[in-house]
Amino acid sequence: ASAQGAADPLARLRRGLWAFYEFSKTHPEYFELMFVDRSVPSLSQDFQRFEFFQETTARAEADIRACIERGQFSKALNPPAALHVLWVGMLGAATIGLAQRLAPGENPDALAHDLLESLLAGFTTNIRTTFVASDCPFRAADGITSKVAHHA
């Protein structure tokens, strides 16, 4: 990747979301415990304790905000809500792939790729988010959000 690619918020957002999808394939048992297994208590209260998750979330929200400011994404997007939309989409693609619910010969990676590109393309329209994100599990504490946003 070029230095310019590293500074591109849309490219960074795309890479981060794809890394989340790849995590589901490299660590399927952990992914299932975190996101699929209903017998496991929700980890949402614990996310605030993990600085990694806070920083990753803050960086992704800052990238979405930068895409809005650059005119790449709709000005009617709320960054935390938009991040939830992207995350849930990738979670769905990952879960379908892990559960092997596609027909024989259907490629889960191609489906995940098409989903990600469709979601990002949708954000370029005049779409307005209606979802209201709470502070859990993905919103970072204000200090971290501000710190990361200024370094983005």
Side-chain angles (χ1 to χ4, degrees), residues 1-28 30-31 34-36 42-99 101-102 106-152:
S2 66
Q4 184 179 3
D8 176 13
L10 181 56
R12 192 169 42 230
L13 185 62
R14 182 182 278 114
R15 278 195 308 272
L17 290 160
W18 192 256
F20 175 73
Y21 172 75
E22 287 292 330
F23 172 82
S24 75
K25 296 187 336 178
T26 54
H27 302 286
Y30 191 52
F31 183 88
M34 289 176 70
F35 301 110
V36 182
S42 172
L43 297 176
S44 62
Q45 299 307 314
D46 295 325
F47 270 98
Q48 292 301 317
R49 296 189 196 134
F50 297 116
E51 192 169 344
F52 169 77
F53 285 109
Q54 292 178 344
E55 290 181 354
T56 301
T57 300
R59 189 166 292 112
E61 285 184 15
D63 287 339
I64 292 169
R65 198 168 283 110
C67 289
I68 293 168
E69 290 166 1
R70 291 175 172 207
Q72 293 173 289
F73 285 173
S74 169
K75 296 214 179 301
L77 284 181
N78 172 268
L83 181 56
H84 273 68
V85 169
L86 293 168
W87 176 77
V88 168
M90 296 312 288
L91 179 63
T95 303
I96 287 293
L98 287 178
R101 293 296 189 252
L102 297 176
E106 292 180 339
N107 185 329
D109 292 352
L111 181 59
H113 171 270
D114 292 351
L115 174 84
L116 178 57
E117 293 306 315
S118 298
L119 289 170
L120 294 173
F123 284 173
T124 68
T125 70
N126 64 353
I127 188 170
R128 176 177 300 278
T129 45
T130 59
F131 177 76
V132 177
S134 69
D135 284 343
C136 290
F138 312 106
R139 301 285 317 278
D142 286 339
I144 293 175
T145 301
S146 300
K147 181 177 78 177
V148 174
H150 291 303
H151 294 307

Colleague: Give every residue pair that meets the salt bridge (charged side-chain N to carboxylate O under 4.0 Å, His left out) criterion with at least one member in residues 90-99, sequence neighbours excluded.
Modeller: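 Non-adjacent pairs meeting salt bridge (charged side-chain N to carboxylate O under 4.0 Å, His left out): zero.
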Colleague: Indicate every side-chain donor-acceptor pair of residues 67-74 with a distance under 3.5 Å to a residue at least two apart or in another chain.
Modeller:
unit_1 : atom_1 : unit_2 : atom_2 : d
S74    : OG     : A76    : N      : 3.0
S74    : OG     : I127   : O      : 2.7

Colleague: Please enumerate all residues that pass side chain to side chain contact (heavy atoms under 4.5 Å, CB included) together with L119, with sequence neighbours excluded.
Modeller: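 Side chain to side chain contact (heavy atoms under 4.5 Å, CB included) list for L119, sorted by chain: V85, L86, L115.
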Colleague: Quick one: salt bridge (charged side-chain N to carboxylate O under 4.0 Å, His left out) partners of E22, sequence neighbours excluded?
Modeller: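 Salt bridge (charged side-chain N to carboxylate O under 4.0 Å, His left out) list for E22, sorted by chain: K25.
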Colleague: Would you mind listing every salt bridge (charged side-chain N to carboxylate O under 4.0 Å, His left out) that reaches into residues 115-125, with sequence neighbours excluded?
Modeller: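 Counting only pairs at least two positions apart or across chains, the salt bridge (charged side-chain N to carboxylate O under 4.0 Å, His left out) contacts touching residues 115-125 are R14-E117.
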Colleague: Check S24 against A94 and note the closest heavy-atom contact, atom names and distance.
Modeller: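 Shortest heavy-atom contact: OG-CB, 3.3 Å.
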Colleague: What residues form a side chain to side chain contact (heavy atoms under 4.5 Å, CB included) with N107, not counting sequence neighbours?
Modeller: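 Expected list: D109, A110.
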Colleague: Please report the interatomic distance CZ(R12) to CG(L17), rounded to the nearest 0.5 Å.
Modeller: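 The CZ atom of R12 sits 12.5 Å away from the CG atom of L17.
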Colleague: Working to the nearest 0.5 angstrom, can you tell me the gap between L116 CG and L111 CG?
Modeller: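 Here the interatomic distance stands at 11.5 Å.
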Colleague: Please report the interatomic distance CG(L77) to CD1(I64), rounded to the nearest 0.5 Å.
Modeller: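 Separation between the atoms: 8.0 Å.
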Colleague: Quick check: Y21 with F31 (ring centres under 6.0 Å apart)?
Modeller: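 No: the rings miss the under 6.0 Å criterion.
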Colleague: Taking atom OG1 of T56 and atom CD of E61, what is their separation to the nearest 0.5 Å?
Modeller: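 If I round to the nearest 0.5 Å, the distance is 11.5 Å.
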Colleague: Please report the shortest heavy-atom distance between P108 and G97, naming the atom on each side.
Modeller: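 Between these two residues, the closest heavy atoms are CB-CA, 4.0 Å.
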Colleague: Got a sec, which residues hit ring pair (Phe, Tyr, Trp, His ring centres under 6.0 Å) with H27, two or more places apart in sequence or on another chain?
Modeller: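 Here the qualifying residues are F23.
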Colleague: Ring pair (Phe, Tyr, Trp, His ring centres under 6.0 Å) with F131: which residues, sequence neighbours excluded?
Modeller: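 Ring pair (Phe, Tyr, Trp, His ring centres under 6.0 Å) list for F131, sorted by chain: H84.
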Colleague: Hey, could you give me each pair passing side chain to side chain donor-acceptor pair (under 3.5 Å) that has a residue in residues 119-132? Not counting sequence neighbours.
Modeller: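 Listed by first then second residue: nothing to list.
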